[in-house]
Amino acid sequence: MALASRLWRFRPSGRNAAPGLGLPRRVTGGRGTCMQGRSGSEVIGNPPTFKRSLIFSALSYLGFETYQLLSSAAVVYATAKVFRVEEILQQADYLYESGETAKLYQLLIQYKESEDAELLWRLARASRDVAQLSGTSEAEKKVLVYEALEYAKRALEKNEASFAAHKWYAICISDVGDYEGIKAKIANAYVIKEHFEKAIELNPKDATSIHLMGVWCYTFAEMPWYQRRIANMLFAAPPSSTYEEALGYFQRAEQGFVLTFFPQPTTMFSTFLFETLFGLPFSPVDPNFYSKNLLLLGKTYLKLQNKKLAAFWLLKAKDYPAHTQEDKQIQAEAAQLLTGFSGKN
């Protein structure tokens, strides 16, 4: 009805019809105003021309109205889509924090064709977590590991500025290396390190990326001699690291590191003193964020022959609240390591 009432203005109706394409002269008379042609008689002008003009005007108006409707619908759809993605992400993060690995995977796998990087890297993480479950068969695990890599790769392609996409791409490449032999694993090490470093650059406060860089260093610090020999044969400059370098990353990821033994700096002077004494920038990240970081701090101190600090971190790992199956495994490993020494240097 609204469209019809607006189009009514374009219809010729008796005395109020417009005289062709020329502008009418307004004359007053009687009760109102009428339109008078140049000859003084009331004419429509050239009927065929007027008819074409009327049709063109009506169609133009109709097209404009349609365009407005479609544009409005597109905006509404796009807005709804954004809200829908945000809702899914909130659900996914809640399930992840709750340790609902299987439910999280079932939620996100529905959106495996998504173009959203935030959804894709979360799906990569969920796929990998399902692969790690004890109830997952070896065949299923392999499929999930390769699928996780594909999701992470797509997430990175969609948004190279996403630190999480870089992080999970590196993690998934590392997992795939377990199925592709020592040569591929060593070759991938350079790529893995590059993406962990990029993730830290994009988000220096992400404790997990810092921890994983420490894991990378620890892995190559303890590389068996035969693997090191293979690496030397295959590569001119094979990847290498030290336990000291690994320890630096683990400490950096753990806020409570030296603060356990030294009061938290509260002034500019005490912050300076902290950094001078310990040779580390005071930039705490996330205390007790991950049981494995606690375990690896303990294991690294063992490698460095510091049993006192090793016992301290292993005890924290053993007492860490178990939210996942991995936490339980870490508790058991920490307890076993603690039985091996008295905790004294």
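All values below were derived from every heavy atom in this structure, side-chain atoms included, with hydrogens, water molecules and symmetry-related copies excluded.
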Inter-residue atom distance [X].[atom1] - [Y].[atom2], 0.5 Å rounding:
X    : Y    : atom1 : atom2 : result
R122 : D116 : CZ    : CG    : 8.5 Å
E118 : D93  : CD    : CG    : 9.0 Å
Y111 : L123 : OH    : CG    : 11.5 Å
Q251 : T300 : CD    : OG1   : 9.0 Å
L314 : L338 : CG    : CG    : 5.0 Å

Taking [X] for the side chain and [Y] for the main chain, is one N or O donor matched with an acceptor at less than 3.5 Å?
X    : Y    : answer
E115 : K158 : no
S98  : E100 : no
W216 : A189 : yes
Q132 : D129 : no

| said: Evaluate Y249 against H211 for ring pair (Phe, Tyr, Trp, His ring centres under 6.0 Å), listing each step before the verdict. | reply: CA-CA 6 Å; Y249 282 109; H211 162 81; over 10 Å; no

| query | Would you call the rings of F250 and Y218 parallel, tilted or perpendicular, where under 30° means parallel and over 60° means perpendicular? | reply |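 Rings of F250 and Y218: tilted, 30 to 60°.
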
| query | For the residue pair Y179 and Y146, does the interplanar ring angle fall in the parallel (under 30°), tilted (30 to 60°) or perpendicular (over 60°) class? | reply |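 Tilted: the ring planes of Y179 and Y146 meet at 30° to 60°.
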
| said: Using the rule side-chain contact (heavy atoms from CB on, under 4.5 Å), only one of L296, I210, L297 pairs with E254; which is it? | reply: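 Exactly one candidate clears the test, L297.
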
| Cation-pi geometry met for R125 and Y96 (6.0 Å, 45°) |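 So R125 does make the cation-pi contact.
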
| request: May I ask you to check whether H166 and F196 place their ring centers less than 6.0 Å from one another? | output: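 Distance test on ring centres: not under 6.0 Å, no.
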
Is the shortest side-chain heavy-atom distance between [X] and [Y] below 4.5 Å?
X    : Y    : value
V145 : L149 : no
L337 : L295 : yes
L120 : L156 : no
R252 : M213 : no
E201 : E197 : no
N188 : S174 : no
Y190 : E194 : no

| task | Report the C-alpha separation of Y151 and I109 in whole Å, then their side-chain angles, then the decisive distance to 0.1 Å, and conclude whether the side-chain contact (heavy atoms from CB on, under 4.5 Å) test is met. | result | CA-CA 10 Å; Y151 299 139; I109 196 64; 3.5 Å; yes

| query | Q90 and E86: side-chain hydrogen bond (donor to acceptor under 3.5 Å, both in side chains), yes or no, with the steps? | reply | CA-CA 6 Å; Q90 289 176 8; E86 288 301 320; 5.0 Å; no

| task | Take Y290 and T208 through the side-chain contact (heavy atoms from CB on, under 4.5 Å) test and state the conclusion after the steps. | result | CA-CA 8 Å; Y290 186 27; T208 308; 5.7 Å; no

| request: Is it possible for you to say whether L202 and Y169 belong to one hydrophobic cluster, with membership spreading through side-chain heavy-atom contacts below 4.5 Å? | output: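 No, no single cluster joins them.
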
| said: If hydrophobic clusters are built from ILVMFWY residues whose side chains come within less than 4.5 Å, do I173 and F220 share one? | reply: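 Linked, I173 and F220 end up in one cluster.
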
| message | Let's go through K112 and E147 carefully: what are the C-alpha distance in whole Å and the side-chain angles of both, what is the deciding distance for salt bridge (Lys or Arg N to Asp or Glu O under 4.0 Å) to 0.1 Å, and is it a yes or a no? | response | CA-CA 10 Å; K112 63 180 181 180; E147 284 183 357; over 6 Å; no

| field | Donor on one side chain, acceptor on other, N159 and S162, under 3.5 Å | value |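 Per modelled atom types, N159 and S162 side chains form no pair under 3.5 Å.
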
| task | Report yes or no: do T136 and E140 form a side-chain donor-acceptor pair below 3.5 Å? | result |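 The answer is no; no qualifying pair exists.
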
| request: Could you tell me whether Q336 atom CD has more than 12 heavy atoms of other residues or ligands within 6.0 Å of it? | output: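 Count not over threshold, so no.
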
| query | Would E157 and K153 satisfy side-chain contact (heavy atoms from CB on, under 4.5 Å), going step by step from the backbone distance to the final call? | reply | CA-CA 6 Å; E157 289 171 351; K153 181 180 179 181; 3.5 Å; yes

| request: Test salt bridge (Lys or Arg N to Asp or Glu O under 4.0 Å) on E150 and R154 and set out the steps. | output: CA-CA 6 Å; E150 182 60 29; R154 284 173 51 205; 5.2 Å; no

